[in-house]
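Following: one structure in structure tokens, then a few remarks.
Every value quoted in this text rests on a predicted model; they were computed, and no experiment measured them. Reckoned from all heavy atoms, side chains included, excluding hydrogens, waters and symmetry mates.
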Amino acid sequence: MNSDEYTTRNGGGGGWWKEARAAYEGMYSSSNASSFSDRSTRLEGEIYINNGRHDRAMYQGYLSSPTSTVASVLSSAKGGGTSPASPFLAQAPNGMASSLSTIPATTATVAFFRSELGTPSDIVKRNTESYHPQTVSIGPYHYGKPHLKAMEEHKNRALRHLLHRTGKPAEEFMAELKKVAKELMDSYEQLDEEWVKDEERFAQLMLQDGSFFLEFRGRKNGKGGFDTYAPNDPIFREMPHLTLTILEDLMMLENQLPGLVLSTILRVGGGPEQSSEVGNGEGHYLRRNRWRLIGNANTAWEYKFFNQRPKVRRVTDYHKAGVQFRCTKTFTLADLAFDPATDTLKLPQFFLGLGAESRYLNLVAFERLHVETRHTVSSYLWMFFEFIRSAEDVALLQANGVIMTQTSSEAVLDDIRKLSRDINFVPYKLHLPFKAMEELEKFYQTKTNKWNRRFREWRLHLQQTYFRNPWTLISVVAAFILLDLTVTQTIYSALSYYRSNK
């Protein structure tokens, strides 16, 4: 599958970038700010819902008591717990099935790696929170860590809700996952022996984490069929800041699930008639979001090797030469373009803050471990950071909507320098829109010969110094009028003196 096909099916680019922006804006909306104080929820040590516990009591069979393991769900099912015979996804025919239509029914083995394999160890140690999940563990690498145990109860709740909607016992899901357990284990590089030796426990983990992922993503996509959760449920309903922390964890290289887990759960829960709806796409969440971010750049851009570090100018240098900057309507990197007709460089919006650093670092680590990626995101970040070398560069892109952040230009510059240092680029193998960059450089060279450069510098200086706002413009006009009147008065005085001496 190429990136064009993927982008078309998913309605264009965006992915986590767009989700992060929506959640970011939602956090500061007045409606959210006022509603937070009304929620009787607590997130201290163990996350739980005070008055939202009734979602467990709604179904006496599966939701009668809190549990913390998949084994307990299996035990309760064997004990006679029953659930309504409603087919999986039937309550939301255009919901979860469509929102997860990119999950393959079968998938080739995709290896998941430790971050240290794709990133120097000193960077991982310096940025542990960027590479290791802080809220929820997905998969075997970080399961059982003390600070992540609070979410295990909520992962188990997701499984119980999924079992209720499918009307299928947990044993059916376990039986199918065990059939592919070896293939799933092979997907994880350096898998601990405790998982390799215990296939039952590994299958339980895949079922629980896969259920959580499907429930969380289905709820996040807002496609219906999830009204079984309490209105103030902090995980599967609202709270943008908690949603963002979970999304951040789902984007981490060490926190991924094979697509085969998700497609198996959907197939067992939905029946054979559903398998065609999830027959194409990527199950690896980090990989899937990378495809959505780059769009068709994988085929449209060129991959080149350089003997020395390529030269990229600052955005303020291009601006002084007459280049205008504009933010594209999408978040897709492939939309980067230079339009010679309007002297405009179009750039996708660059998001900073609220977990963005972690996403970029994990995408770069992912690309280093997968040669077929051509390092597209890494190359773009290198070029973008070369554009920015001062707070003036940041301010210019902020003013044109390219950089999205609520912080000052100086703070953004510090963040970019830190991120650039931690990404540890190798700028001699780049995958970029070189044609657009060549057109941009050609325009710059044409407009910056000796006289053109001086004229543009003077004009730009006048614009920035005297015509930045109406008051300075009024002052300049008034000064010119006063100067004109002074010159006129001087001329008349000289003429009068000349005539009087005749």
Side-chain angles (χ1 to χ4, degrees), residues 13-29 119 123 126-131 134 240-241 244-245 247-248 251 289 293-294 311-321 323-333 335-336 344-365 376-425 427 432 437 440 460 464 468-469:
W16 59 263
W17 208 317
K18 193 170 184 179
E19 291 167 359
R21 178 185 181 183
Y24 182 74
E25 293 174 343
M27 279 185 64
Y28 296 98
S29 67
T119 307
I123 294 180
R126 188 167 62 239
N127 296 280
T128 301
E129 293 185 0
S130 295
Y131 292 100
Q134 302 300 307
H241 61 286
L244 273 178
T245 61
L247 284 172
E248 182 179 343
M251 280 290 294
N289 277 274
L293 173 62
I294 68 175
K311 182 175 178 60
V312 178
R313 303 180 189 279
R314 297 169 49 191
V315 290
T316 48
D317 290 339
Y318 289 123
H319 185 59
K320 289 175 182 178
V323 176
Q324 303 300 313
F325 295 88
R326 197 179 78 189
C327 178
T328 61
K329 294 181 179 180
T330 70
F331 296 86
T332 306
L333 300 187
D335 289 337
L336 183 151
T344 302
L345 179 63
K346 302 173 184 177
L347 294 168
Q349 193 168 58
F350 186 81
F351 181 80
L352 276 175
L354 296 175
E357 177 185 359
S358 173
R359 292 183 173 96
Y360 296 132
L361 291 174
N362 280 273
L363 283 168
V364 170
T376 306
V377 175
S378 306
S379 298
Y380 179 82
L381 289 175
W382 174 83
M383 180 190 68
F384 191 80
F385 294 162
E386 287 293 297
F387 278 154
I388 300 170
R389 301 177 200 172
S390 70
E392 186 181 10
D393 298 318
V394 175
L396 177 61
L397 294 181
Q398 281 181 311
N400 289 276
V402 175
I403 293 181
M404 179 187 173
T405 181
Q406 301 255 339
T407 57
S408 66
S409 301
E410 290 75 12
V412 172
L413 182 63
D414 289 340
D415 290 341
I416 287 177
R417 285 174 175 170
K418 180 175 179 292
L419 188 57
S420 178
R421 178 196 63 185
D422 291 343
I423 286 179
N424 192 27
F425 293 108
L432 288 169
M437 301 308 296
L440 178 63
L460 191 62
Q464 294 179 343
R468 296 183 65 179
N469 59 64

Discussion item. Run the side-chain contact (heavy atoms from CB on, under 4.5 Å) test on Ile416 and Leu352 for me, step by step, so that the C-alpha distance in whole Å, both residues' side-chain angles and the decisive distance to 0.1 Å come before the verdict.
Written reply: CA-CA 9 Å; Ile416 287 177; Leu352 276 175; 4.1 Å; yes
Fill in: side-chain contact (heavy atoms from CB on, under 4.5 Å) between His319 and Gln324, worked out
CA-CA 6 Å; His319 185 59; Gln324 303 300 313; 4.1 Å; yes
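Within 6.0 Å of CZ in Arg326 there are 12 or fewer heavy atoms belonging to other residues, nucleotides or ligands.
Closest of all the heavy-atom pairs between Leu347 and Tyr380 is CD2-OH, 4.1 Å. Nearest heavy atoms, Glu248 versus Glu129: OE2-O, 4.4 Å. Here the closest heavy-atom approach between residue Glu357 and residue Asn127 is recorded as OE2-OD1, 3.4 Å. Heavy atoms only, all atoms of each residue included: Thr328 and Gln349 are closest at OG1-N, 4.5 Å. In terms of heavy atoms, Ala365 sits closest to Tyr131 at CB-CE2, 4.4 Å. A pairwise comparison of heavy atoms in Met383 and Val312 identifies O-CG1, 4.3 Å as the closest pair.
Of the possible donor and acceptor atoms, one in the side chain of Asn362 sits under 3.5 Å from a partner among the backbone N and O of Ser130. Judged by distance alone, the side chain of Asp335 and the main-chain N or O of Phe331 form no donor-acceptor pair under 3.5 Å.
Looking only at side-chain heavy atoms (C-beta outward), Leu363 and Leu293 come within less than 4.5 Å of each other. Residues Thr330 and Pro348 are not in side-chain contact: their nearest non-hydrogen atoms beyond the backbone lie 4.5 Å or more apart. In this structure, Leu247 and Arg359 have side chains that are in contact, with non-hydrogen atoms separated by less than 4.5 Å. Phe325 is listed as a side-chain neighbour of Val315, based on a closest heavy-atom distance under 4.5 Å.
The structure places OG of Ser378 at 10.0 Å from CG of Leu361, a figure rounded to the nearest 0.5 Å. With values rounded to the nearest 0.5 angstrom, Asp393 atom CG is found 7.5 Å from Asp317 atom CG. Glu410 CD to Ser408 OG: the interatomic distance, rounded to the nearest 0.5 Å, is 5.0 Å. Considering CZ of Phe385 and CG of Leu419, their distance stands at 4.0 Å, rounded to 0.5 Å. The CZ atom of Phe351 lies 8.0 Å from the OG1 atom of Thr405; values are rounded to the nearest 0.5 Å. If you take CG on Leu396 and CZ on Phe387, they are separated by 11.0 Å, rounding to the nearest 0.5 Å.
In summary, the side chains of Ser409 and Gln398 do present a donor paired with an acceptor at a separation below 3.5 Å, with no hydrogens or angles considered.
The aromatic rings of Phe350 and Phe384 sit parallel to each other, their planes meeting at less than 30°, with 60° as the upper class boundary.
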